[in-house]
Amino acid sequence: MDNIVIFGASGGAVKVTKTLKNLKIDFRYFVDNDKNKWGKVVEGKVVNPPEILFQEKCNILVASDYQMEIEKQLSEMGLIENIIIKEELIMDYVNKHIEEFNYLKEIAVDKADEKKLVFGLEEGLVLGGIESFTFMLANEMKPYFKNINIFTKKTDNTEPAGLEDNICYFNLDYDDYWNGIKRLVEAIIKNSPCVIIDNWQNQVLIAVAIIKKYFPGLVKCISVIHNDKVVLYRKAAFMQEYMDVITGVSQKINNNLINGFGVDKTKVHYKESPVEYNKNFKRNYTVDKNMPLKIGYAARVTKFQKRADLIVPLMLELNRHNVNYHLNIAGDGNYFNKLKELIKENGLSGYITLYGNIPREKMPDYWKDQDIFLSVSDFEGASISMLEAMSFGAVPVVTAVSGTDEFIKDGDNGFVSGINDIEEISNKIEYIEKNRMKLTGFGNKARETVKVKADKNDYINYVLKLIND
C-alpha cells in the first residue's frame with residue numbers, strides 16, 4: 001500500500017510508527033486535529049491539518065484513542081473508505097517475507113501430544129479487567145490442562161498468586177516488532193499443539209497467522225473481544241480467517257461484529273463474563289443519613305475511555321444538590337495527578353480519598369465497603385469491575401455502554417445514565433442518597449443478577465466447549 005498517512009500524532013501513533021519503521025514500511029506524514037501540533041515533526045514526519053487529506057488520494061491509518069470520533073470526521077469528509085488498519089500493512093509484510101519462516105517446515109511437531117493452553121496478554125500484567133479475566137480463567141483451567149502459559153511482556157506489576165510458574169515474558173517492544181513476532185512463533189510451536197486464548201489481537205494473533213500458514217490445525221485461536229472499540233471490529237473482520245472462535249464479552253459486541261462488520265456468524269459466540277460470588281456474604285449499607293454515602297470508582301484514572309475528567313464536575317454537581325457522599329477512587333493512570341490537582345483547586349479534598357492502585361487480592365474488601373459502584377466511561381465491553389462490585393451488593397450507577405443493558409435494569413438493580421451526562425448521573429446518586437433504605441433492595445437484586453448471569457462454573461463449561469468443539 002502506497003501513500004500511507006497516519007491520523008493522530010500522540011502516544012498511540014508513536015507505537016504504530018515504531019512498528020512500521022521496524023518493518024521498513026514508510027508513510028507520508030501525520031495528520032492531527034490539534035492546531036498546536038501542525039508543522040511540528042514527530043518521529044521524523046511532519047504533522048499536518050486534516051484538510052491536506054483532500055489534496056491527494058491516500059490510505060489513512062488511524063492511530064489515536066479517539067478512533068470513533070476520527071472515523072465520524074472522515075465519514076463527513078467523504079474519506080471513510082480510505083481507512084486502513086495496521087494489520088493490513090503487517091500482513092502484507094508477512095506475506096512478502098513468509099520465506100523467513102520456511103525453517104518451520106523442518107520442525108517435528110507431535111500432533112498426538114495433549115493440547116496445551118496459551119493466553120495472549122501482550123500489554124503486560126497491569127491491573128485491569130482483561131488481566132483479571134485472564135488470571136481467573138488460567139487458574140480455573142489448571143485441572144484440565146497440564147501445561148498453561150501466559151505470554152506477556154515485563155512490567156512493574158507483580159505476578160498473580162498461583163500463576164507465578166505460568167508467566168512467560170517476551171520482549172515485545174514496538175521498535176523490535178519483527179523479532180518479537182519470531183520469538184512468539186517459536187514459543188507457540190514449542191507449546192503446540194495448543195489452544196490460544198487471545199485477548200489483545202496484537203502480536204500473538206500475527207504469530208498465529210504465520211503458524212497457520214505452515215501448520216493448519218496445529219493451533220486453535222479463540223479471540224476474545226473485550227470492548228466495543230471500532231478498531232477491534234475492523235481487526236476481527238480482517239483477521240477472522242486466523243480466528244477459529246470469536247467471543248465478544250457482550251451481545252452488543254457480537255451484533256456489531258456480525259451485522260456491522262460482516263464477521264462470519266458461525267465463528268461468533270457469547271457468554272456473560274464470570275466473577276467470583278460469595279453466597280454467604282452479608283453486607284450493611286450506609287443508611288444513616290448523617291454518614292456520607294460511600295461511592296466506589298475502581299478503574300484506570302484516564303481521560304480516554306474512563307472519563308476521569310468528569311469526576312470533578314460530577315462532585316461539584318453533587319455538592320450543589322447537597323448530597324452527602326464520599327468518593328473512594330482505586331486506580332492510577334495518566335490523569336491521576338491532574339485529577340488530584342483539580343480536586344485541591346476546587347476545595348473537594350474532604351469529599352474524596354485517592355487510594356491509587358489496590359492489589360487484586362484486596363479488591364473484595366474494597367467493594368464490601370462501597371454503597372455505590374460508579375462508572376462514567378465512554379465505552380466498555382462488559383466491565384469486570386462492575387460485575388465484581390455488584391457481586392458484593394454495590395449498587396451500580398453507570399453510563400449506557402456495552403454490557404450494561406445485559407446486567408442492569410434502570411431503577412431496579414442499578415441505574416443507567418447517558419454517556420457524558422453529568423446531571424443525570426448526579427440525579428441518580430442523589431436519588432439513592434435520599435432513599436437509603438432502598439439500598440438493600442437494589443443491592444440484593446444486583447447480587448442476584450451476577451449470581452445467575454455471571455456464574456463462574458457456567459463460564460468454564462462454556463470455554464471448555466469452545467476449546468473442544
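The structure presented is a predicted model; accordingly, all values stated were derived computationally and were not measured. Scope of the values below: all heavy atoms of this structure, side chains included, with no hydrogens, waters or symmetry mates. All residue numbers refer to positions in the sequence shown, counting from 1.
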message = Is there a side-chain contact between V62 and L74 in this structure, where contact means two heavy atoms from C-beta onward sitting under 4.5 Å apart?
response = yes
ask   = Would you say the side chains of E131 and N157 form a donor-acceptor pair under 3.5 Å?
value = no
query = Can you tell me if NZ on K271 sees more than 12 non-hydrogen neighbours from other groups inside 6.0 Å?
reply = yes
ask   = Quick check: are there more than 12 heavy atoms from other residues, nucleotides or ligands sitting under 6.0 Å from NZ of K267?
value = yes
ask   = Is K154 close enough and on-axis enough to Y169, meaning under 6.0 Å and within 45°, for cation-pi?
value = yes
message = Below 30° counts as parallel, above 60° as perpendicular, anything between as tilted: where do the rings of F415 and F442 land?
response = perpendicular
key: Heavy-atom pair of closest approach, residues Y285 and G443   = OH-CA, 3.2 Å
message = What's the separation between atom CD in E140 and atom OH in Y459, rounded to the nearest 0.5 Å?
response = 12.5 Å
inquiry  = Is it true that S383 and E380 share a donor-acceptor pair across their side chains at a distance under 3.5 Å?
reply    = no
message = Looking at K142, I want to see if its NZ is surrounded by more than 12 non-hydrogen atoms of other residues, nucleotides or ligands under 6.0 Å.
response = yes
ask   = Under 4.0 Å between a Lys/Arg side-chain N and an Asp/Glu carboxylate O for K338 and E341?
value = yes
ask   = According to the interplanar angle, ranging from 0 to 90°, do the rings of W367 and F373 count as parallel (below 30°), tilted (30 to 60°) or perpendicular (above 60°)?
value = tilted
query = Y66 and ring-ring contact (aromatic ring centres under 6.0 Å, His included): which partner among F7, F379, F304?
reply = F304
query = Should we count CG of D156 as having more than 12 external heavy atoms under 6.0 Å?
reply = no
request  = Apply side-chain contact (heavy atoms from CB on, under 4.5 Å) to the pair V275 and M136, showing each step before the final yes or no.
outcome  = CA-CA 8 Å; V275 291; M136 179 280 298; over 6 Å; no
ask   = Is it the case that K220 and N468 place a side-chain donor and acceptor less than 3.5 Å from each other?
value = no
ask   = Do Y233 and N256 get their side chains close enough for a donor-acceptor pair, meaning under 3.5 Å?
value = yes
query = Just how far is it from atom OG of S223 to atom CG of D244, taken to the nearest 0.5 Å?
reply = 10.0 Å
request  = Return yes when atom NZ of K434 has more than 12 non-hydrogen atoms of other residues, nucleotides or ligands closer than 6.0 Å, and no otherwise.
outcome  = yes
is_close_aromatic(Y177, Y174), centroid dist under 6.0 Å = no
query = Any side-chain donor paired with an acceptor under 3.5 Å for K306 and Y297?
reply = no
ask   = Are side-chain N/O atoms of Q305 and R300 paired as donor and acceptor at under 3.5 Å?
value = yes
query = For atom OH of Y242, is the number of surrounding heavy atoms from other residues, nucleotides or ligands below 6.0 Å larger than 12?
reply = yes
request  = Using side-chain hydrogen bond (donor to acceptor under 3.5 Å, both in side chains) as the criterion, point out the one residue from D369, N328, T286 that pairs with K294.
outcome  = D369
ask   = Can E317 and R320 be counted as an ion pair, charged N to O under 4.0 angstrom?
value = yes
Residues K428, D421: salt bridge by 4.0 Å N-O rule = no
